[in-house]
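See structure below.
Residue numbers start from 1 in every chain, and the chains themselves are labelled A, B, ... in the order their sequence lines are given, proteins ahead of strands. If you're wondering where the values come from, they're calculated on a predicted model, not measured in any experiment.
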Amino acid sequence: MPEILEVEFYRRSAETVVGRPITAVHAPDRWFCKGGTTPEELKTVLPGARALELGRRGKLLLLHLDIGRTLGLRFGMTGRLIVDGQASVDELEYSPRRSDPAWDRFGLDFEGAMLRVSDPRRLGGVQLDPPVERLGPDALAISRTELAKALQASAPLKAKLLDQTAVAGMGNLLVDETLWRAGLDPARPARSLTPDEVATLHKTMRQTLKTLLRRGGSHTGDLQDQRHRGGLCPRDGTPLSRRQVGGRTTYSCPRHQH
DNA sequence: CCGGATGTTCACCT
DNA sequence: GAGGTGAACATCCG
């Protein structure tokens with residue numbers, strides 16, 4: 001997916017629909033409707049409603065509607081939000097360049113605007129009143145204290161950062177980039193971090209998200225070009241370690257990440 | 001041809 | 001309960 005940065009771009013690009021009434025609902029894929037939400041319900045509830053504002057919690061995009069309901073959009077790994085027929089994030093590595101209309105899993109028409117979720121692999125989804133409370137603090141807003149609390153676990157540091165109920169928004173690329181910059185070993189038990197290390201991680205995470213947001217996305221990290229077998233640490237030239245941590249392929253520098 | 005890829009959920013173990 | 005693993009989703013790429 002889109003990790004938190006891409007979803008933030010989606011949120012911004014979709015601002016254009018605020019205040020406009022929904023005129024039509026496209027929900028051709030029942031499987032894409034999650035958590036008890038059905039195409040029939042969406043087509044009954046949504047027409048006529050207006051978006052009051054757009055929100056986001058981690059990777060979950062939220063349309064707060066004037067009918068007291070909230071529509072949640074998830075993008076999985078390959079989902080894209082298309083606004084007014086134009087993809088808002090062009091360089092989504094694992095999405096095909098051109099979007100096939102057959103991959104439109106959900107869409108809303110507004111007066112003078114439209115949204116489409118194009119998702120080849122169908123890993124995303126749409127849900128009315130999604131359980132936002134199950135997500136941890138948003139990675140772009142989390143405090144040091146909240147981060148420290150999220151790391152009170154024996155699981156690997158990386159696993160907790162990927163756990164959306166602990167911290168919402170971090171994905172595989174952002175976690176590897178952040179831990180590489182912070183000099184922290186992804187496999188360390190989360191709760192083994194000292195208060196100083198938590199402070200460093202917090203500062204580094206904020207700086208990393210800010211920088212990569214400015215650069216244009218999760219794939220613009222300094223580590224990105226070396227995320228392959230035989231890759232070298234951009235900082236010290238050491239061959240990178242490649243292993244599974246928290247169930248995901250993980251690149252880290254054995255020399256400067258501890 | 002095969003493996004793996006910015007993700008989440010669930011079943012099934014330990 | 002916590003944590004780990006593998007499957008499922010479906011397409012593209014090296």
So what's dA10(C) paired with, Watson-Crick or G-U wobble, going by both distances under 3.5 Å?
none
Have a look at Arg227(A) and say if it touches a base, only the backbone sugar-phosphate, or nothing, with a 4.0 Å heavy-atom cut-off.
sugar-phosphate
Consider the side chain of Arg74(A), meaning its heavy atoms from C-beta on, and name the nucleotide among dT8(B), dC9(C), dG7(B) that approaches it most closely.
dT8(B)
Before accepting this row, confirm whether a basic side-chain N of the pair Asp163(A)/Lys160(A) lies closer than 4.0 Å to the acidic partner's carboxylate O.
yes
Less than 4.5 Å apart, any side-chain heavy atom of Trp103(A) and any of Asp119(A)?
no
OG1 on Thr178(A) to CG on Leu209(A), rounded to 0.5 Å
5.5 Å
Candidate nucleotides dA2(C), dT11(C), dC9(C), ranked by approach to the side chain of Ser154(A) - the nearest:
dA2(C)
On a whole-Å scale, what distance lies between the P atoms belonging to dC2(B) and dA7(C)?
16 Å
Determine the Euclidean distance between corresponding C1' atoms of dG3(B) and dG6(C); express it in Å to zero decimal places.
16 Å
Would you indicate which nucleotide in dG4(B), dG4(C), dC12(C) comes nearest to any side-chain atom of Trp103(A)?
dC12(C)
Please state how far atom CZ in Arg248(A) lies from atom P in dT6(B), giving the value in whole angstrom units.
5 Å
Are Leu73(A) and Leu108(A) connected in the hydrophobic side-chain network, where two residues link if heavy atoms are under 4.5 Å apart?
yes
